[in-house]
2 protein chains.
Amino acid sequence: MGISARKQREKREREELILKEARDLRLSKGYLGLTMDRIAQKTEYSKGTIYQHFSCKEEILMALSIQVMEKRCELFHRGALFKGRTRERIMAMGVGDELFARLFPDDLRSCLMMRMASFREKTSLERQIRLKSLEQRCMNIFAGIARDGMAQGDLPPESNPESICFSLWSISFGVYTLMRTDIPLAELGIDDPYQALNQSCHTLLDGYHWTPLLSEWDYEKSLERVRKEIFPDEFARLESE
Amino acid sequence: MGISARKQREKREREELILKEARDLRLSKGYLGLTMDRIAQKTEYSKGTIYQHFSCKEEILMALSIQVMEKRCELFHRGALFKGRTRERIMAMGVGDELFARLFPDDLRSCLMMRMASFREKTSLERQIRLKSLEQRCMNIFAGIARDGMAQGDLPPESNPESICFSLWSISFGVYTLMRTDIPLAELGIDDPYQALNQSCHTLLDGYHWTPLLSEWDYEKSLERVRKEIFPDEFARLESE
DNA sequence: TGTTTTTCTGACTATTCGTCAAAAAAATGA
DNA sequence: TCATTTTTTTGACGAATAGTCAGAAAAACA
């Protein structure tokens, strides 16, 4: 018993080492510089051993995407736990997402690849399902708050929680992706894309009549509370950089 | 003279043939199935000849992205020419973009790759600049209408044209990209992402106080006019599919 | 300590990118 | 027309990388 437990643990640890080195390599050499030989060299295992864990390069990238989504999901989840009005909780989730985007910009970038069918198709069904369910989970946290909002009268009864989620999700995804492209946003007159995103989200929420409206509430104060109560460590880390 | 003119024409034609076959291959076999040998075979030229036109695979994909952006830009441009209120003109541009997304879904998908630094970096500076300037042109058409809007009093004088553009651009980009992923939007409660996008854009525009507001104008009627006056062929084509 | 089972290895094959010397074709000119 | 020069095309080749697998090494077992 003890032996197989140890072996399982060792396997898990090795898997994590592989992912860690792969992540570093992707960071320093980019996707095209990430090769199986290099991963083998860095982990000090042979290529065969790497292939026992991951059937192809795409599988490794998929595993990295899953790690990213897990971390993101966790920040979302913590944001959703904020004690306050439903719209404040949505904002807290947004803050979590922004923190993630600021702290791990390159990880978000690497996920983009898995949006392309050609790459995703090479990965195991198991991981595909895992990633999809994580995305679904994020959406559900969101939609849950929207439903709370309707129950508490913060949202009109005829609202459609899913389409509210979808628009916020789309605009965040769009902003974070465009930001990472080398289009010079500053030259186009966008000095602070995070600020622009934040404002757009408030505009959308006002448009959906999610109360209290921006004009009726001090969301700066809410932001302060979110920082202190929910993400103290992340904010500290961000500021120390 | 005649000879070198003919040769130049032949070169251009060959280049177009290569791009056409590359596009077909990408469509049928995906990015990973698009190889230089296959392109050579399909075009009935040798690999060396292909390499005289394009220094690498990424260069071909970049050239395809540029073609896509040119086509998109043209639809934008036509939309902007709509005779009407400034907000109607913005809507007409949105209609153009939706038409493009519906008519050429796979081309939009292929552009995603060029968002990734790792790929873009392998392409010639010349094409990089060309693509960037096309994106810039799209933004300028947009921002120009926003400035018209301010001049005509349709937008408050303190508006920021660039941030309005950026939010619309981000949400469109986000929706079109997420749509092409195999996340089952229908299961998440999004039956019609185009409709959702359209509504979100109106919400944003209302939020920016771009008059006439959605409630003050019959935009359905405007849409009808845009169809008839600006994009008759594209709509016919869409309906015949 | 010998046997069995599991794990690991890196040489090997296959694929694809990108190059380039030589062949073919086209242009030139007497 | 045909020999010479210039341009274009070709596909065999070298290099890099993905992915495999028979045998070596290590671990577990008895």
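Residue numbers start from 1 in every chain, and the chains themselves are labelled A, B, ... in the order their sequence lines are given, proteins ahead of strands. The figures here come from the full heavy-atom set of this structure, side chains too, leaving out hydrogens, waters and symmetry mates. Because the structure is a prediction, the values reported are computed rather than measured.
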For Asp37(B) and Lys7(B), take the nucleotide of DNA chain C holding the closest heavy atom to each; which residue's nucleotide lies nearer the 5' end?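 It is Asp37(B), whose closest nucleotide lies nearer the 5' terminus.
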Lys29(A): partners by salt bridge (charged side-chain N to carboxylate O under 4.0 Å, His left out), with sequence neighbours left out: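 Lys29(A) satisfies salt bridge (charged side-chain N to carboxylate O under 4.0 Å, His left out) with no residue once adjacent residues are dropped.
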Who pairs with Asp192(A) by salt bridge (charged side-chain N to carboxylate O under 4.0 Å, His left out), at least two apart in sequence or on another chain?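 Residues passing salt bridge (charged side-chain N to carboxylate O under 4.0 Å, His left out) with Asp192(A): none at all.
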Within 45° of the axis and under 6.0 Å from the centre of the six-membered ring of Tyr45(A), does NZ or CZ of Arg14(A) qualify?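 Positive - Arg14(A) is close enough to the ring of Tyr45(A) and near enough to its axis.
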Face-on cation placement of Arg102(A) at Tyr194(A) ring, 6.0 Å and 45° thresholds: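 Yes, Arg102(A) and Tyr194(A) form such a contact.
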If you measure only the distance, is there a donor-acceptor pair under 3.5 Å linking the side chains of Ser124(A) and Glu59(A)?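 Yes, a side-chain donor-acceptor pair sits under 3.5 Å.
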By side chain to side chain contact (heavy atoms under 4.5 Å, CB included) - contacts of Ile90(A) (at least two apart):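 Scan of Ile90(A) (side chain to side chain contact (heavy atoms under 4.5 Å, CB included), adjacent residues dropped) gives Phe142(A), Ile145(A), Leu168(A), Leu205(A), Trp210(A).
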Qualifying residues under side chain to side chain contact (heavy atoms under 4.5 Å, CB included), relative to Gln8(B), sequence neighbours excluded: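 So Gln8(B) forms no side chain to side chain contact (heavy atoms under 4.5 Å, CB included) with any residue.
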Short side-chain to backbone donor-acceptor contact, Arg89(B) and Ala80(B), under 3.5 Å: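 Checking the backbone N and O of Ala80(B) against the side chain of Arg89(B), a donor-acceptor pair under 3.5 Å is found.
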Donor-acceptor under 3.5 Å (Glu58(B) side chain, Arg120(B) main chain):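 It does not hold such a pair.
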Which pairs, with at least one residue in residues 160-170 of chain B and sequence neighbours excluded, count as a salt bridge (Lys or Arg N to Asp or Glu O under 4.0 Å)?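 Found Arg147(B)-Glu162(B).
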Near DNA chain C, which residues from residues 25-34 of chain A have a heavy atom under 4.0 Å away?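 Per residue number, the list is empty: none.
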Using heavy atoms and a sub-4.0 Å distance, could you list which residues of residues 113-131 of chain A are near DNA chain D? By number, please.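 By residue number: Lys122(A).
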Quick check on contacts: within residues 43-64 of chain B, what sits under 4.0 Å from DNA chain D by heavy-atom distance?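 Tyr45(B), Ser46(B), Gly48(B), Thr49(B), Gln52(B), in order of number.
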I'd like the 5' and 3' limits of the part of DNA chain D contacted by chain A, with heavy-atom contacts below 4.0 Å.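 It runs dT17(D) to dC29(D).
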Start and end of the DNA chain C segment that chain A contacts, any atom under 4.0 Å from a heavy atom: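 Reading along DNA chain C, I get dT6(C) to dG10(C).
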Report all side-chain donor-acceptor pairs from residues 131-139 of chain A shorter than 3.5 Å, counting only partners two or more places apart or in another chain.
{"unit_1": "Ser133(A)", "atom_1": "OG", "unit_2": "Arg130(A)", "atom_2": "O", "d": "3.1"}
{"unit_1": "Glu135(A)", "atom_1": "OE2", "unit_2": "Arg115(A)", "atom_2": "NH1", "d": "3.4"}
{"unit_1": "Glu135(A)", "atom_1": "OE2", "unit_2": "Arg115(A)", "atom_2": "NH2", "d": "2.8"}

Decide if atom CD of Glu10(B) counts as having more than 12 heavy atoms of other residues, nucleotides or ligands within a radius under 6.0 Å.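 Yes, because the 6.0 Å sphere around CD of Glu10(B) holds more than 12 heavy atoms from other groups.
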Could you check if a side-chain atom of Asp97(A) sits within less than 4.5 angstrom of a side-chain atom of Tyr176(A), using non-hydrogen atoms only?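 In short, these two side chains touch, coming nearer than 4.5 Å.
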Determine the sole option in Arg180(A), Lys71(A), Arg23(A), Arg72(A) for which the salt bridge (charged side-chain N to carboxylate O under 4.0 Å, His left out) test with Asp107(A) is passed.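 With Asp107(A) as partner, Arg180(A), Lys71(A), Arg23(A), Arg72(A) yield a single salt bridge (charged side-chain N to carboxylate O under 4.0 Å, His left out), made by Arg23(A).
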Can you list, pair by pair, the side-chain donor-acceptor contacts under 3.5 Å of residues 31-40 of chain A, counting residues two or more places apart and other chains?
{"unit_1": "Thr35(A)", "atom_1": "OG1", "unit_2": "Arg38(A)", "atom_2": "N", "d": "3.2"}
{"unit_1": "Arg38(A)", "atom_1": "NE", "unit_2": "Gly33(A)", "atom_2": "O", "d": "2.9"}
{"unit_1": "Arg38(A)", "atom_1": "NH2", "unit_2": "Gly33(A)", "atom_2": "O", "d": "3.3"}

